[in-house]
Amino acid sequence: MSLRSQRMHEILPCAAHILVDFACTALLTASCVGSGAVSVIFCAVVYNGCAFAMQLPIGLLADRFGLRRGAACAGCLAVALGSLLTPPLLLCVVVGLGNACFHVGAGRDALLHGGSRAARVGRFVAPGAFGIFLGPLAAEVFWLTRCAAPLLLSVCAVLLFAQAQEAPPAAKPLSLQAPRRVALAISMFLTVLLRSYMGTVTRYAELSIPVFAVAMTVCIFVGKFLGGSLADRFGAFRFQLTAQLIGTALFALSVPFPLLGLPAALLFNTTMAVTVHTLFRSAPPHAGAMFGLTTLALYLGALPRLLGAPNPLFTPWGLALIGGVSALTLLLGLYIAQKGGGADDR
């Protein structure tokens, strides 16, 4: 495969990722306009359940049948189909499952083609932050959400289907006995769950200011985009030890000084590529399931917020507690991986 083909093989799913997340959040927001609080909560729980929790069973099927770009294509088309629907519940289910299929297919492909390095999966996941941010802002623009976005998603599906399917490089698996493999999976699952919960706790009032909201989105993108590359360069354990200690301290201080929440969010989001890639290397034949396991944790971490639970931990001590426990679970998992021949401390 030429260098140009390699770049297109990676860039196209990233562009499709922005479109998928943009269309899903825009359609979901538009369908909830004028609905009561109970209806909004119900739709949010159903959509996120389909979009995130369902990635695990879909990932298992993708691993069983070797689905990558096919699942991503189906996901793009399902989200495009959702633009033709008006009943909120049906729309939530269709676009949610479409979102799940796309993420599993393209995410599994990014893991497999990344091999023993975490950078590629980080670069794939990062652009979704822009789609999630822009979708609700464009929810009322009918021609964009119901016409242009579905058309572009259909084009992406065709292009993804037409791309050559090159054999991915073999990833070096971690050499772990079953008990350590289970311990690693639990550690990474808890890390992602706590990271997701932290994102629901840190509800800065300044997010209503456009400049601050854009800056936060950029920081989330940069953290996810660079997290895998920095872990590959410096070693996952060493890099995350530094990043999480600093990030936790900044989060604690961000309650009285909200601007510190920006670098804190950047550092905290560097865990994304590391967690999913470490899980993948613990079981390379099950890339789709490992990707889905992390999104299940994301869903469970966000569930209290989706259900309207109170938020008592937005205090310096509360954020320090969540960040500290998350850092411990992450570092424990990376330590186990390092002993199994991964997360090399360069």
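These numbers come from the heavy atoms of this one structure, side chains and all, not from hydrogens, waters or symmetry mates.
For the pair Arg146 and Leu27, the minimum side-chain heavy-atom distance is below 4.5 Å. Counting heavy atoms from C-beta on, the side chains of Arg195 and Met272 come closer than 4.5 Å. With a 4.5 Å cut-off on side-chain heavy atoms, Leu334 and Thr278 count as touching. In this structure the side chain of Pro316 never reaches within 4.5 angstrom of the side chain of Leu253, judged on heavy atoms. Side chains of Ser254 and Leu319 form a contact here, defined as non-hydrogen atoms less than 4.5 Å apart. A 4.5 Å side-chain heavy-atom check between Ile322 and Tyr197 finds at least one atom pair inside the cut-off. Contact check for Leu60 versus Arg64: no side-chain heavy atoms found under the 4.5 Å cut-off. Counting only heavy atoms from C-beta outward, the side chains of Val276 and Leu111 approach each other to under 4.5 Å.
Among residue pairs with one or both ends in residues 257-285, those qualifying as ring pair (Phe, Tyr, Trp, His ring centres under 6.0 Å) are Phe251-Phe268, His277-Phe280; sequence neighbours excluded.
Residues Thr271 and Gln240 have side chains that never bring a donor and an acceptor to within less than 3.5 angstrom of each other.
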Evaluate Cys219 against Asn269 for side-chain contact (heavy atoms from CB on, under 4.5 Å), listing each step before the verdict.
CA-CA 8 Å; Cys219 287; Asn269 277 278; over 6 Å; no

Between Val46 and Leu89, does a side-chain contact (heavy atoms from CB on, under 4.5 Å) hold up when you go through it step by step?
CA-CA 8 Å; Val46 170; Leu89 181 58; 3.9 Å; yes

Could you go through Met188 and Val192, starting from their C-alpha distance and side-chain angles, then the distance that decides it, and tell me whether this counts as side-chain contact (heavy atoms from CB on, under 4.5 Å)?
CA-CA 6 Å; Met188 294 301 164; Val192 177; 5.5 Å; no

Could you go step by step and tell me if Leu262 and Phe212 meet the side-chain contact (heavy atoms from CB on, under 4.5 Å) rule?
CA-CA 9 Å; Leu262 298 174; Phe212 188 90; 4.2 Å; yes

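Ring pair His17/His103 is perpendicular by interplanar angle, where above 60° counts as perpendicular and below 30° as parallel. Using a 30° and 60° split on the angle between ring planes, Phe291 and Phe124 fall in the tilted class, from 30° to 60°.
Atom CG in Leu184 sits 7.0 Å away from atom CG in Leu174 (nearest 0.5 Å). A distance of 11.0 Å separates CG in Leu226 from CG in Leu267, rounded to the nearest 0.5 Å. With rounding to the nearest 0.5 Å, the separation of CE in Met216 from CD in Glu206 is 9.5 Å. Between Gln55 atom CD and Thr294 atom OG1 the span is 7.0 Å, to the nearest 0.5 Å. A distance of 11.5 Å separates CG of Leu153 from SG of Cys73, quoted to the nearest 0.5 Å. One distance of note links OG1 of Thr275 with CE of Met290; it measures 12.0 Å at 0.5 Å rounding.
Ser208 places a side-chain N or O within 3.5 Å of a backbone atom of Ala205 that can act as its donor or acceptor partner. Listed for the Asp232 side chain is a donor-acceptor partner under 3.5 Å among the backbone atoms of Ala118. At distances below 3.5 Å, not a single donor-acceptor pair connects side-chain atoms of Arg117 with backbone N or O atoms of Ser229. At distances below 3.5 Å, not a single donor-acceptor pair connects side-chain atoms of Ser326 with backbone N or O atoms of Gly323. Of the possible donor and acceptor atoms, one in the side chain of Ser196 sits under 3.5 Å from a partner among the backbone N and O of Ala302. Judged purely by atom type and a 3.5 angstrom limit, Thr217 uses its side chain to pair as donor or acceptor with the backbone of Ala213.
Val155 and Leu81 fall into different hydrophobic clusters, where Ile, Leu, Val, Met, Phe, Trp and Tyr side chains are chained together by heavy-atom contacts under 4.5 Å. Linking Ile, Leu, Val, Met, Phe, Trp and Tyr whenever their side-chain heavy atoms come within less than 4.5 Å puts Val274 and Phe189 in one cluster. Val222 and Phe239 fall within the same hydrophobic cluster, where Ile, Leu, Val, Met, Phe, Trp and Tyr residues are linked whenever their side-chain heavy atoms come under 4.5 Å apart, directly or through other members. Val45 and Phe52 end up in the same hydrophobic cluster when Ile, Leu, Val, Met, Phe, Trp and Tyr side chains are linked at under 4.5 Å. If you chain together hydrophobic residues whose side chains sit under 4.5 Å apart, Ile336 and Phe237 fall into the same group.
Of all the heavy atoms in Val104 and Ala62, the pair that sits closest is CG1-CB, 3.8 Å. In plain terms, the two heavy atoms of Leu160 and Ala72 that are nearest each other are CD1-CB, 4.2 Å. Between His9 and Arg69, the closest heavy-atom pair is O-NH2, 2.8 Å. Here the closest non-hydrogen pair linking Phe314 and Arg203 is CE2-O, 4.1 Å. Closest approach of Ile58 and Cys101 over heavy atoms only: CD1-SG, 4.0 Å. The minimum heavy-atom distance linking Tyr204 with Pro258 is given by the pair CD2-CB, 4.2 Å.
Within a 6.0 Å radius of CZ in Phe161, no more than 12 heavy atoms belonging to other residues, nucleotides or ligands are found. When the shell of 6.0 Å around CZ of Arg181 is examined, it contains more than 12 heavy atoms from other residues, nucleotides or ligands.
Aromatic ring centres of Phe130 and Phe22 lie farther apart than the 6.0 Å criterion allows.
With sequence neighbours left out, the side chain to side chain contact (heavy atoms under 4.5 Å, CB included) criterion links Ala51 to Tyr47, Asn99.
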